Amino acid sequence: MTTDFDVIIVGGGIAGAGLGAEIAGRRRTAIIEAEEQCGYHSTGRSAAFYLESYGGPDVATLTLASGAFLESPPAGFAERGFLRRRGALHLSESDWPRIPDGVEARRVGRAELEATVPGLDPRWTRAMFEPGCADIDVAALHAAYLKAFRKAGGTVRTNSRLRAATREGGRWSVALADGQSLSAAVLVDAAGAWGDAVAGACGVRPLGLSPKRRTMVQVRVGASGLRDLPLIDDWLGRFYFKGESDNSIWLSPHDEIASGPCDAAPEEIDVALALERFSEVVDWPVEQVERRWAGLRTFAPDRRPVYGFDRVAEGFFWCVGQGGFGIQTAPAASKMAAALLLGEPLDPMLAGVEPALFSPARFASS
Ligand SMILES: Cc1cc2nc3c(=O)[nH]c(=O)nc-3n(C[C@H](O)[C@H](O)[C@H](O)COP(=O)(O)OP(=O)(O)OC[C@H]3O[C@@H](n4cnc5c(N)ncnc54)[C@H](O)[C@@H]3O)c2cc1C
């Protein structure tokens, strides 16, 4: 088995798979993934929606640049698009919600809200409707990236945890937990919640990444016709839910609990909080909590993702801090990261994106 590569990507989630697919045809690339499956952590636990207004104006440039690819991917990458439109209603008890420039949205008053969301509590008087919100088929997108990566000659090694890496003679020597070793000129840190831990194991100064736990519950309720309802959230960020089947929803209390990198699990108190907040939105009785899970959303100190070579550590490339938007930004972010890594011009789809905003150079420590 080959052990020498041009690029080794640490982490096989959407960040590592997306970047890998973009560079594998031009560099001998390996993805090393600690778990048995590449999407085991955050990528496999998302709420799976595409929401252009989410994450602030800078993240919105990456999301907007990704929309066309997700809607209608290039021939050969996937047979159909990854989006299923449902729209989003951002609810408010007082002021009109504010939506970033460039994102299509319109005001909705109480009468229209009542018609759209039967049983809505009277406290919700206003909303902004964002028609572009869609579900993303995350599993299909992630699988398409891994397929494209392999097709272009990339190697995926699961059950391969980076333990340490050292730089010598212009190459990284990577020691795996199972005792094997690999080498590459460039090491990409796409390790999600472990981003700083991987940097530390390579002798690179961490960025100050913060993993935060988010809880999701699938709830069967005493109401029907929910599947195509818009995503419904509180503009002030206390909950969101969307129809999963005719009479069930995916619900989150919008929690953001500091955590170390780990196999995140839901806490009872957060499940209870989700149900309590839900009871303040609609009068649909909760019949059963069918499923619960949690995952980590990992943020850089300024909550913008980080793409680019470390300023100090030669050949160390950051691809971290995708927070709660790593899926919806994946197409644009992967193309941008590939251009930065290869030293090539930006793809035209990135016309509205400013890569310097996402550079690790913005942190004094990098
Ligand atoms: C509950 C929840 C809801 C979300 N909802 C949305 C949403 O609706 N839309 C959206 O766009 N985003 C959403 N997100 C965010 C999105 O899931 C993440 O931004 C994205 O999955 C991050 O991808 P990643 O590849 O960076 O991380 P991960 O998928 O966690 O991948 C990192 C990988 O690195 C591996 N790794 C770590 N250390 C090592 C090591 N030493 N050696 C080898 N491998 C290693 C891990 O095993 C892991 O598989 C949500 C996240 C959560 C938790």
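Please read these numbers as outputs of a predicted model, since none were measured by experiment. Counting starts at 1 for both ligands and their atoms, following the listed order.
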message: Under 6.0 Å between ring centres: does that hold for F69 and F82?
response: no
message: Looking at E267 and R292, is there a salt bridge between them, counting it only when a charged N and a carboxylate O are closer than 4.0 Å?
response: no
message: For the residue pair R291 and W293, would you count it as a cation-pi contact if the rule is NZ or CZ under 6.0 angstrom from the ring centre and within 45 degrees of the ring axis?
response: yes
message: Before we go on, tell me: are the rings of F239 and W124 under 6.0 Å apart, centre to centre?
response: yes
task: Kindly confirm or rule out a cation-pi arrangement of R86 over F49, judged by NZ or CZ under 6.0 Å from the six-membered ring centre and within 45° of its axis?
output: no
Sequence neighbours excluded, every pair satisfying side-chain hydrogen bond (donor to acceptor under 3.5 Å, both in side chains) that has a member inside residues 145-163: R157-Q180
For each nitrogen or oxygen atom of ligand 1, which protein N/O atoms lie closer than 3.5 Å, and how far apart are they, rounded to 0.1 Å?
from: ligand 1; atom 1: 5 (N); to: A47; atom 2: N; distance (Å): 2.9
from: ligand 1; atom 1: 8 (O); to: A48; atom 2: N; distance (Å): 3.2
from: ligand 1; atom 1: 8 (O); to: F49; atom 2: N; distance (Å): 2.9
from: ligand 1; atom 1: 8 (O); to: F49; atom 2: O; distance (Å): 3.4
from: ligand 1; atom 1: 9 (N); to: F49; atom 2: O; distance (Å): 3.0
from: ligand 1; atom 1: 11 (O); to: I327; atom 2: N; distance (Å): 3.0
from: ligand 1; atom 1: 11 (O); to: Q328; atom 2: N; distance (Å): 2.8
from: ligand 1; atom 1: 12 (N); to: G324; atom 2: O; distance (Å): 3.1
from: ligand 1; atom 1: 17 (O); to: S42; atom 2: O; distance (Å): 3.2
from: ligand 1; atom 1: 19 (O); to: Q322; atom 2: O; distance (Å): 3.3
from: ligand 1; atom 1: 19 (O); to: G323; atom 2: O; distance (Å): 2.9
from: ligand 1; atom 1: 19 (O); to: G326; atom 2: N; distance (Å): 3.1
from: ligand 1; atom 1: 21 (O); to: T43; atom 2: N; distance (Å): 3.2
from: ligand 1; atom 1: 21 (O); to: T43; atom 2: OG1; distance (Å): 3.0
from: ligand 1; atom 1: 23 (O); to: T43; atom 2: OG1; distance (Å): 3.4
from: ligand 1; atom 1: 25 (O); to: I14; atom 2: N; distance (Å): 3.2
from: ligand 1; atom 1: 25 (O); to: A15; atom 2: N; distance (Å): 3.1
from: ligand 1; atom 1: 26 (O); to: Q322; atom 2: OE1; distance (Å): 3.3
from: ligand 1; atom 1: 29 (O); to: T43; atom 2: N; distance (Å): 2.9
from: ligand 1; atom 1: 29 (O); to: T43; atom 2: OG1; distance (Å): 2.5
from: ligand 1; atom 1: 30 (O); to: S42; atom 2: N; distance (Å): 3.2
from: ligand 1; atom 1: 30 (O); to: S42; atom 2: OG; distance (Å): 3.4
from: ligand 1; atom 1: 41 (N); to: L162; atom 2: O; distance (Å): 3.1
from: ligand 1; atom 1: 42 (N); to: L162; atom 2: N; distance (Å): 2.9
from: ligand 1; atom 1: 44 (N); to: A34; atom 2: N; distance (Å): 3.0
from: ligand 1; atom 1: 47 (O); to: E33; atom 2: OE2; distance (Å): 2.6
from: ligand 1; atom 1: 49 (O); to: E33; atom 2: OE1; distance (Å): 2.7
from: ligand 1; atom 1: 49 (O); to: E33; atom 2: OE2; distance (Å): 3.1

